[in-house]
Amino acid sequence: MTRRALIAGNWKMNGLSADLGWAQDVCAGLPHPLPGDVVVCPPATLLFPFKVALKDSVVEMGAQDCSCFKGGAFTGDLSATMLKDIGCRYVIVGHSERREGHGESDANVRTKAEAALSAGLIPIICLGETLEQRESGKAEAIVTQQLRHSVPQVHGADVVIAYEPIWAIGTGKTATAQDAQALHAALRAAWPYEGAEALRILYGGSVKPDNAQDLLAQKDIDGALVGGASLNAQDFLDIIKHIA
Ligand code: 13P
């Protein structure tokens with residue numbers, strides 16, 4: 001089975017209206033036809049301007065988080081339906097920065113993924129181990145457990161998984177392509193539902209133009225969730241060019 005590659009840019013808490021030229025630069029530099037999917041996940045404040053800037057473009061939009069609730073008295077939160085309404089196709093859930101900084105558990109992540117699916121969004125469900133867990137040889141056990149507890153019962157094609165080792169995020173350290181491949185293969189083997197072969201598993205953690213080729217060439221690495229390097233249009237394009 002061939003899975004369609006996906007490169008997603010997670011802008012995190014970066015970006016102002018002055019940075020919208022990115023959309024034009026990326027759209028102008030993309031290969032035609034595009035051999036995969038490209039998504040930008042800007043901060044919520046830029047979703048509407050990006051929707052306008054990306055009109056008629058193949059670049060799709062995602063949000064960085066959503067509430068598990070449909071609506072109501074949840075000050076500061078955004079529902080999956082609101083994100084769909086503004087033009088998102090994807091939403092990241094369970095990023096380690098939310099698991100760690102906002103105390104989100106696997107169960108919270110699962111309910112958010114369920115809310116995303118019922119609103120018609122594709123959740124990008126993030127998993128990853130700490131450095132201590134990796135060094136003690138527990139990475140695979142931890143991450144496959146997160147998979148089992150964070151993912152609602154779905155067919156593999158309905159969601160996207162992002163494996164992001166926490167020690168590789170924003171540090172300039174990446175998993176070797178071989179280690180990342182081994183973990184991705186373990187995740188696919190541990191997928192508890194139908195459709196493991198259709199499941200797209202992205203790698204994230206210091207993906208840059210100079211390491212993307214090796215990572216994306218691996219059999220079970222179906223794309224990348226890119227943080228820092230996605231802020232620069234040329235770097236993002238230089239990563240995208242490695243999808244086959
Ligand atoms: P960096 O690419 O900046 O390491 O961030 C990865 C990430 O957390 C994407 O979600």
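Numbering of ligands and ligand atoms starts at 1, following listing order. Positions are given from 1, in the same order as the sequence printed here. On a predicted model such as this, the values are computed, not experimentally measured, just so you know.
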**Student:** Could you tell me whether F74 atom CZ has more than 12 heavy atoms of other residues or ligands within 6.0 Å of it?
**Tutor:** yes

**Student:** Do the ring planes of F50 and W22 sit parallel (below 30°), tilted (30 to 60°) or perpendicular (above 60°)?
**Tutor:**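 Because their plane-to-plane angle is over 60°, the rings of F50 and W22 count as perpendicular.
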
**Student:** Show the atoms of ligand 1 that are less than 4.0 angstrom away from any heavy atom in G205.
**Tutor:** 4 (O), 6 (C)

**Student:** Does either side chain, that of Q146 or that of Y163, offer a donor lying less than 3.5 Å from an acceptor on the other one?
**Tutor:** no

**Student:** May I ask you to check whether G227 has an N/O atom sitting below 3.5 Å from an N/O atom of ligand 1?
**Tutor:**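 Yes; the residue has a nitrogen or oxygen that sits under 3.5 Å from a nitrogen or oxygen of the ligand.
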
**Student:** Taking only heavy atoms of S206, which atoms of ligand 1 are found under 4.0 Å from at least one of them?
**Tutor:** 1 (P), 2 (O), 4 (O)

**Student:** For the residue pair Y193 and H155, is the inter-centroid distance of their aromatic rings smaller than 6.0 Å?
**Tutor:**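 No, ring centres 6.0 Å or more apart.
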
**Student:** So, E164 and H95: side-chain donor and acceptor under 3.5 Å apart, yes or no?
**Tutor:**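 Side chains of E164 and H95: pair found under 3.5 Å.
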
**Student:** Measuring from non-hydrogen atoms of G172 to any atom of ligand 1, is the shortest distance under 4.0 Å?
**Tutor:** no

**Student:** Considering the heavy atoms of A168, write down every atom of ligand 1 situated less than 4.0 Å from one of them.
**Tutor:** 4 (O)

**Student:** Evaluating non-hydrogen atoms only, which member of Q64, E164, E97 is closest to atom 9 (C) of ligand 1?
**Tutor:**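 That would be E164.
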
**Student:** Given the rule that I, L, V, M, F, W and Y join up when any side-chain heavy atoms are under 4.5 Å apart, are W167 and V143 in one cluster?
**Tutor:** no

**Student:** Check if A229 has a non-hydrogen atom at a distance under 4.0 Å from any atom of ligand 1.
**Tutor:** no

**Student:** With heavy-atom distances below 4.0 Å as the criterion, list the atoms of ligand 1 near L225.
**Tutor:**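 The atoms of ligand 1 under 4.0 Å from a heavy atom of L225 are 9 (C), 10 (O).
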
**Student:** Give me the one residue out of K112, R99, R148 that meets salt bridge (charged side-chain N to carboxylate O under 4.0 Å, His left out) with D106.
**Tutor:** R99

**Student:** Atom 3 (O) of ligand 1: which protein heavy atom is closest, and how many Å away?
**Tutor:** G228 N, 2.8 Å

**Student:** Evaluating non-hydrogen atoms only, which member of H95, K12, K173 is closest to atom 5 (O) of ligand 1?
**Tutor:**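 Among H95, K12, K173, the closest heavy atom to atom 5 (O) of ligand 1 belongs to K12.
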
**Student:** Under 4.0 Å, heavy atoms only, figure out whether ligand 1 is touched by the backbone of N10, its side chain, both or neither.
**Tutor:** side chain

**Student:** Under 4.0 Å, counting heavy atoms only: does G170 come that close to any atom of ligand 1?
**Tutor:**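 G170 counts as a contact of ligand 1 under the 4.0 Å cut-off.
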
**Student:** Does any donor atom in the side chain of Q133 or T130 lie under 3.5 Å from an acceptor atom in the other side chain?
**Tutor:** yes

